[in-house]
Amino acid sequence: MKDNFNNIISSNQAVLVDFFATWCGPCQQMPPILSQLKKLTGDKLRIIKIDIDKNQQLAQQYHVMSVPMLALFKNGKMLWRKAGAMPANVILNEINQYL
């Protein structure tokens with residue numbers, strides 16, 4: 001998973017990573033929000049989900065202390081991160097400068 005993850009975030013397309021856990025209530029609110037965000041951004045943004053319980057090494061590497069945690073990557077660099085569920089328009093306002 002780690003090699004595949006590194007290949008995905010090394011793209012010159014912006015990649016939003018949703019670090020989540022199946023037992024997390026706010027995480028369960030994110031799928032429709034991320035769908036809406038995808039509709040707003042189209043091809044400018046790729047969205048992937050990482051289950052921190054199944055990918056503990058990645059969670060540790062990126063210091064995921066609470067979920068959901070969103071992180072934006074481009075060309076292998078983390079450009080933005082924020083923990084907590086938030087509406088699609090708030091996410092878009094925060095990451096738009098990187099798209």
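From a predicted model like this one, the values you see are computed outputs, not experimental measurements. Positions are given from 1 along the sequence.
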> Got I9 and N6 here, is their nearest side-chain heavy-atom distance under 4.5 Å?
Replying inline: yes
>> If you define the side chain from C-beta out and look only at heavy atoms, does anything of K82 sit under 4.5 Å from M69?
In response: no
> Should L58 and W23 be counted in the same cluster of Ile, Leu, Val, Met, Phe, Trp and Tyr side chains packed under 4.5 Å apart?
Replying inline: yes
> Linking I/L/V/M/F/W/Y whenever their side-chain heavy atoms sit closer than 4.5 Å, directly or via other members, would I50 and F20 fall into one cluster?
Replying inline: no
> Between I52 and A21, which heavy-atom pair has the shortest distance, and what is it?
Replying inline: CG1-CB, 4.1 Å
> Of all heavy-atom pairs between P68 and D18, which one has the smallest distance, and what is that distance?
Replying inline: CB-OD1, 3.8 Å
> So which pairs with a foot in residues 43-65 pass ring-ring contact (aromatic ring centres under 6.0 Å, His included), sequence neighbours left out?
Replying inline: F5-Y62, Y62-F73
Check: [X] side chain, [Y] main-chain N or O, donor-acceptor pair, under 3.5 Å:
X	Y	value
N75	K77	no
K74	M78	no
Q13	D43	yes

>> Let me confirm one number: the CD-CE distance from Q60 to M65, rounded to the nearest 0.5 Å.
In response: 9.0 Å
>> Looking at R46, I want to see if its CZ is surrounded by more than 12 non-hydrogen atoms of other residues, nucleotides or ligands under 6.0 Å.
In response: no
> Under the 4.5 Å side-chain heavy-atom rule for ILVMFWY, direct or indirect, which residues accompany L99?
Replying inline: L16, M30, I33, L34, L37, L40, L45, I47, L70, L72, L79, W80, M86, V90, I91, L92, I95, Y98
